[in-house]
Amino acid sequence: MIRERPRLAAPGELSEIEEVVISSYGKYLTRMDRPPAPMERDYAEAIENQEIWVIGSPVQGLVSFRTESVGALLIENIAVHPSNQGSGLGRLLMEFAEAEATARGLNRLALYTNEAMIENLSIYEHLGFSEVARRTEDGYRRIYMEKVLPPLG
């Protein structure tokens, strides 16, 4: 079991990141009329902009997030290679995102998932997220979720 702290991705890890994304989102291709948005992202740019954290060597999981203007840390993508799904690696990445939000003085985590990815809803609810909206954006039918973090102190 991987128990290290996530680290910023390095340019040399691009192919490993892409492999994690393709293998973890590929199962949704038959449910959707187009590839999931994470499969379309430019990860070289995300690495260059220091927007992606990884875990494992080779990379086994990743999380990408940014601060939103509304005072929340938006988790743009979280993915775990199928060989490590169910191992607690996703929870470790979520805990890292929560710690980063707190360190940035934010009191909420936000994320969205595609309606076709129904398994994610129960996972995110189990982690303390609640649904706040549903809407179509960029041609994707998304479910928006949020988690209020405990106050500091």
Tell me the closest heavy-atom pair linking Asn84 and Ser87, and the distance in Å. O-OG, 2.6 Å
So, do Pro11 and Glu48 sit near enough that their side-chain heavy atoms are less than 4.5 Å apart? no
Heavy-atom closest contact (Val54 atom, Ala9 atom, distance): CG1-CB, 3.8 Å
Leu106-Val63 co-clustered via ILVMFWY side chain contacts under 4.5 Å: yes
What are the two closest non-hydrogen atoms of Ala72 and Ala110, and how far apart are they? CB-CB, 4.3 Å
hydrophobic_cluster_shared for Phe96 and Tyr124, side chain cutoff 4.5 Å: yes
Any residue meeting ring pair (Phe, Tyr, Trp, His ring centres under 6.0 Å) with Tyr140, in chain and number order, not counting sequence neighbours: none
Does a salt bridge link Glu100 with Arg5, judged by any charged N lying under 4.0 Å from a carboxylate O? yes
Heavy-atom nearest pair, Met145 first then Leu121, reads SD-CD2, 4.0 Å
Going through the distances and angles, do Arg108 and Leu149 end up as a side-chain contact (heavy atoms from CB on, under 4.5 Å)? CA-CA 5 Å; Arg108 292 180 295 121; Leu149 302 175; 5.7 Å; no
Find out whether Pro35 and Leu29 are in side-chain contact, i.e. whether some heavy atom of one side chain is under 4.5 Å from a heavy atom of the other. yes
Linking I/L/V/M/F/W/Y whenever any side-chain heavy atoms sit under 4.5 Å apart, do Met94 and Ile52 land together? no
So, taking the atom named CD in Glu146 and the one named OH in Tyr112, what distance separates them when rounded to the nearest 0.5 Å? 14.5 Å
Geometric class of the Phe65/Trp53 ring pair [parallel <30°, tilted 30-60°, perpendicular >60°]: parallel
Might you point out which heavy atoms bring Leu93 and Ala79 nearest each other, and give the distance in Å? CD1-O, 4.1 Å
Is it true that a side-chain atom of Arg7 and a backbone atom of Gly56 form a donor plus acceptor pair closer than 3.5 Å? yes
Per the salt bridge (charged side-chain N to carboxylate O under 4.0 Å, His left out) rule, what does the pair list look like for residues 61-74, sequence neighbours excluded? Arg66-Glu76
Identify the residue among Asn120, Ile118, Ile78 that makes a side chain to side chain contact (heavy atoms under 4.5 Å, CB included) with Thr113. Asn120
Counting neighbours of CZ on Arg141 that are heavy atoms of other residues, nucleotides or ligands and sit closer than 6.0 Å, is the number greater than 12? no
CG/Leu8 to CG/Asn49 distance, rounded to the nearest 0.5 angstrom? 11.5 Å
Would one find more than 12 heavy atoms of other residues, nucleotides or ligands at under 6.0 Å from atom CD of Glu95? yes
Check for me, please, whether Tyr144 and Met117 land in the same ILVMFWY cluster - side-chain distances under 4.5 Å, paths through other members count. no
Spell out, yes or no, whether Leu89 and Tyr25 are grouped together once hydrophobic residues are joined by side-chain heavy atoms under 4.5 Å, including indirect joins. no
Going by salt bridge (Lys or Arg N to Asp or Glu O under 4.0 Å), name the residues that satisfy it together with Arg34, two or more places apart in sequence or in a different chain. none
Under the side-chain hydrogen bond (donor to acceptor under 3.5 Å, both in side chains) rule, what do Tyr43 and Glu13 come out as? Steps first, then yes or no, please. CA-CA 10 Å; Tyr43 289 98; Glu13 295 175 308; over 6 Å; no
Within this structure, what is the CD-CG distance for the pair Glu45 and Leu14, rounded to the nearest 0.5 Å? 12.0 Å
Atom NE2 in His81, atom CD1 in Ile22: separation rounded to 0.5 Å? 10.5 Å
dist Leu109:CG -> Leu127:CG (nearest 0.5 Å) comes out at 10.0 Å
Restricting to side-chain hydrogen bond (donor to acceptor under 3.5 Å, both in side chains), what partner residues turn up for Glu131, sequence neighbours left out? Arg134
Just jot down the side-chain hydrogen bond (donor to acceptor under 3.5 Å, both in side chains) partners of Arg104, sequence neighbours excluded, or say none. Thr67
List for me each residue that meets side-chain hydrogen bond (donor to acceptor under 3.5 Å, both in side chains) alongside Glu119, sequence neighbours excluded, and say none if there are none. Arg31
Once you round to the nearest 0.5 Å, how far does CG of Asn77 lie from CG of Leu62? 5.5 Å
Carboxylate-amine/guanidinium proximity below 4.0 Å for Glu18 and Arg41: no
Taking all non-hydrogen atoms of both residues, which atom of Pro58 and which atom of Glu16 are closest, and how far apart? CA-OE1, 3.3 Å
May I have the step-by-step check of side-chain contact (heavy atoms from CB on, under 4.5 Å) for Val80 and Gln60, ending in yes or no? CA-CA 6 Å; Val80 174; Gln60 295 299 304; 5.9 Å; no
